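Every value quoted in this text rests on a predicted model; they were computed, and no experiment measured them. Count residues from 1 along the sequence.
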Amino acid sequence: MPHVIAVDLGGTKLSAAVVDEQGRILFRSKIESGAGNFAASVGRITGAIREAETASASPISGVGMVVPGIAFPETGEAWAPNLWGHERMPLRAELERSLRRPVTVDSDRAGYVLGEAWLGAAQGLRDVVFLSVGTGIGAGIISGGRLLRGASGIAGAVGWFALNPVRQPAYATNGCWETEAAGPGLARRLGMRTAEEAVAAARCGSAEALRAVEQTARCLGLGMANLVSVLNPQMIVLGGGLMQAAELFLEPAVRTMREWAQPVAAAEVRVEVTRLGEDAGLLGAARIAFDSVSQGKE
């Protein structure tokens, strides 16, 4: 049975796994991703892949990797400002030079939605949005059974949705929707350092924290309404760090989405919390690797 190596490169963590065709994770590792130096990042990724190769009981047929920021699948370049600055870097070429095997590189947004469509909440669906809500906001989109990338691989950068006609300075760097509905926006409303602190206060019954959660959830629902009206998906899958507190955010966000979205599309869409959790990116990277191997055999 063929195995692939899946790599999920995040802003803080680097996960690598050996995955079989049924999506079973047979080995995994997790280390700090590091930041600030492209060559050092390549070294850490290469080391994680080699460790997975050694751990695999079967030959490895492919390597798939997802990265934060923007991936350019045709060239293998990646733009990941939180890791190595604002330049497009030749990630695939450097990894293939070190590993001497093909590597497929894609965005984490693509990985999330492909993982959920393969093994998660969206199995069998052809029109799906995976909405990741954490420190930032991004969307992986499958429409008509095809992954949407856009002209430059930027499709899904929905954190830039314009929801407030009064432009704030933070919108220039993070986008309007991300500023208002992601974790840092929740923390800012309460004057706290982190969203985790705000969530803890809300769970303890703080009226101020619960109001901030409601406001953040309504902002989240407004952006979801735009996604529903534009894409008419069968399902939105919610993931990311803030959705670890889905019991606080889901009801007001969905209520707002149904108030504002195109009514027929709003009535039809299902909203689910990820079933794969932090494995969505890894399993999506595995799916990318299997698809690449399959296409190479055609």
**Q** Compare every heavy atom of Arg218 with every heavy atom of Arg255, then report the nearest pair and how far apart it is.
**A**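 Result for this residue pair: NH1-NH1, 3.9 Å.
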
**Q** With rounding to the nearest 0.5 angstrom, report the CE to CG distance, Met65 to Asp8.
**A**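 Answer rounded to 0.5 Å: 8.5 Å.
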
**Q** Taking the side chain as everything from C-beta on, heavy atoms only, tell me whether Glu53 gets closer than 4.5 Å to Val63.
**A**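 They are not in contact (no side-chain heavy atoms under 4.5 Å apart), so the answer is no.
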
**Q** Does a salt bridge link Arg28 with Glu51, judged by any charged N lying under 4.0 Å from a carboxylate O?
**A**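 No, no charged N to carboxylate O under 4.0 Å.
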
**Q** Are Leu222 and Val129 linked, directly or through intermediate hydrophobic residues, by side-chain heavy-atom contacts shorter than 4.5 Å (ILVMFWY only)?
**A**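 Yes; tracing contacts between hydrophobic side chains, which count when under 4.5 Å, links both residues.
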
**Q** Do Val105 and Ile49 belong to the same hydrophobic cluster, where Ile, Leu, Val, Met, Phe, Trp and Tyr are linked whenever their side-chain heavy atoms lie under 4.5 Å apart, directly or via other members?
**A**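 Linked within one cluster.
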
**Q** For residues Glu116 and Ala280, report the shortest heavy-atom separation together with the two atoms involved.
**A**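 Heavy atoms of Glu116 and Ala280 come nearest at OE2-CB, 4.2 Å.
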
**Q** Nearest 0.5 angstrom please: Arg24 CZ to Leu26 CG, how far?
**A**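 If we round to the nearest 0.5 Å, Arg24:CZ and Leu26:CG are 6.5 Å apart.
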
**Q** Is it true that Glu74 and Arg149 have a side-chain N and a carboxylate O under 4.0 angstrom from each other?
**A**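 Judged by the 4.0 Å cut-off on N to carboxylate O distance, Glu74 and Arg149 do not form a salt bridge.
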
**Q** Just verifying a value: how many Å separate Leu95 CG and Arg100 CZ, rounded to the nearest 0.5 Å?
**A**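 Result: 13.5 Å between the selected atoms.
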
**Q** On a heavy-atom basis, which atom in Val166 and which in Tyr171 lie closest, and how many Å separate them?
**A**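 Between these two residues, the closest heavy atoms are O-CE1, 3.6 Å.
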
**Q** State, to 0.1 Å, how close Phe249 and Leu186 come at their nearest heavy-atom pair, and which atoms those are.
**A**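 The answer is CZ-CD2, 3.7 Å.
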
**Q** Please determine if Glu32 and Arg44 form a salt bridge, counting it only when a charged side-chain N lies under 4.0 Å from a carboxylate O.
**A**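 Answer for the salt bridge query: no.
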
**Q** If the threshold is 4.0 Å, N to carboxylate O, is there a salt bridge linking Glu214 and Arg189?
**A**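 The answer is no: the pair does not qualify as a salt bridge.
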
**Q** Indicate the ring-plane relationship of Tyr112 and Phe130, choosing parallel, tilted or perpendicular according to the 30° and 60° boundaries.
**A**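 Judged by the thresholds at 30° and 60°, the geometry between Tyr112 and Phe130 is tilted.
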
**Q** Would you say Val269 and Met243 are hydrophobically clustered, going by side-chain heavy atoms of ILVMFWY under 4.5 Å?
**A**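 Result: yes, single cluster for both.
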
**Q** If you look at every heavy atom in Gly64 and Ala289, which pair is closest and at what distance?
**A**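 So the two residues come closest at N-CB, 3.4 Å.
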
**Q** Do NZ/NE/NH1/NH2 and the carboxylate oxygens of Glu208 and Arg211 come within less than 4.0 Å?
**A**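 Looking at Glu208 and Arg211, the cut-off is not met.
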
**Q** Between Val19 and Phe27, is any pair of side-chain heavy atoms under 4.5 Å apart?
**A**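 A side-chain contact is absent here, since even the closest heavy-atom pair is not under 4.5 Å.
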
**Q** Give me the atom names and distance for the closest heavy-atom approach of Ala195 to Leu242.
**A**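 Between these two residues, the closest heavy atoms are CB-CD1, 4.0 Å.
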
